Every structure is written in structure tokens, then in C-alpha cells.
Amino acid sequence: MSRFLPLTIRFVNGGSMVVSSIADARKALDGTWKNKEAPDYLAASRLVDDAIAGICRPAVAFAAFKKAAAQQGLLRSADPSAALSMFDQISSRDRKKPPG
């Protein structure tokens, strides 16, 4: 099981990948980004490398990665899971029932 909720990244060249770990984030940072000189990209890259080396908390590095990807417009919105969709249907039916 992955440590983080999965993020889907769509690269500038049209490729995509799911990122749910620091190792995935490192691979994604090596992909095609809009601007690899942007301060947030550079910070994310440094923090992910530091997390791999054990000198940065993985949660901090993953948050920096997510921020950099969002700022460059690479995050794809995730569709709700099948389980969440089923739960939404059940709860909306329960709200429609009259009390009693």
C-alpha cells in the first residue's frame, strides 16, 4: 500500500503517471515539466532527494511535490473511487427519505 493518496500527473509531452510515494515523485520530477527552473520545482526536487536520503520527512517532500505540480498545471483531477461513488448514492437516498 502506498504511503500517500495517489496523484495523477500529466506531463507536458502528454504522458502521465500516478504518484503515491517518494520514489514515484522522484521519477515524476524526471519527466517533462513546463519549467524545471521554477523555484517550487527546484524546492520539490531538493526535498524529495532529501527524503530519499532520510534527512527530510516524506510528508514534507510529497507536499512540496504536489504544490510544484499544481503550480505548473500538471495535476489531473481524480475521479472519486467506486466505493466513494456508492457511498454518495446511498447517503443521497437516505436524505430523500422522510423522517419517521
Side-chain angles (χ1 to χ4, degrees):
M1 177 172 232
S2 64
R3 182 176 177 131
F4 303 102
L5 291 176
L7 305 173
T8 301
I9 304 297
R10 174 152 324 259
F11 298 107
V12 174
N13 67 358
S16 66
M17 74 176 284
V18 175
V19 177
S20 60
S21 69
I22 293 299
D24 291 343
R26 178 70 263 157
K27 289 177 192 171
L29 287 163
D30 291 336
T32 310
W33 288 58
K34 290 180 181 176
N35 182 0
K36 288 190 173 186
E37 298 301 318
D40 287 323
Y41 174 89
L42 295 172
S45 184
R46 181 181 49 80
L47 290 169
V48 166
D49 287 343
D50 287 351
I52 291 169
I55 57 174
C56 175
R57 289 188 3 235
V60 171
F62 199 82
F65 170 81
K66 183 177 180 180
K67 178 182 177 186
Q71 288 191 336
Q72 293 200 29
L74 302 182
L75 282 183
R76 287 185 54 200
S77 60
D79 294 329
S81 68
L84 184 58
S85 295
M86 289 173 23
F87 178 75
D88 286 343
Q89 289 174 354
I90 291 169
S91 70
S92 67
R93 280 192 302 227
D94 289 345
R95 283 183 279 199
K96 292 178 184 176
K97 289 181 182 177

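Note that these values count all heavy atoms, side chains included, but never hydrogens, waters or copies made by symmetry. The residues of the chain are indexed from 1 along the displayed sequence. Just so it is clear, the model here is predicted, and its values are computed rather than measured.
Not counting sequence neighbours, the partners of Thr32 by the side-chain hydrogen bond (donor to acceptor under 3.5 Å, both in side chains) test are Asn13. Applying the side chain to side chain contact (heavy atoms under 4.5 Å, CB included) test to Lys36 and every residue at least two apart in sequence or in another chain returns Trp33, Tyr41. The salt bridge (charged side-chain N to carboxylate O under 4.0 Å, His left out) search around Lys34 returns none, not counting sequence neighbours.
Annotation: the span from Phe4 atom CZ to Ser21 atom OG amounts to 8.0 Å, rounded to 0.5 Å. One distance of note links CE of Met17 with CG of Leu7; it measures 10.5 Å at 0.5 Å rounding.
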Which atom pairs, one a donor and one an acceptor, fall under 3.5 Å between side chains of residues 43-70 and the rest of the protein, sequence neighbours left out?
{"unit_1": "Ser45", "atom_1": "OG", "unit_2": "Arg26", "atom_2": "NH1", "d": "3.3"}
{"unit_1": "Asp49", "atom_1": "OD1", "unit_2": "Arg26", "atom_2": "NH1", "d": "2.7"}
{"unit_1": "Asp49", "atom_1": "OD2", "unit_2": "Arg26", "atom_2": "NH1", "d": "3.4"}

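One hydrophobic cluster holds both Ile9 and Val12 under the rule that ILVMFWY side chains link at heavy-atom gaps under 4.5 Å.
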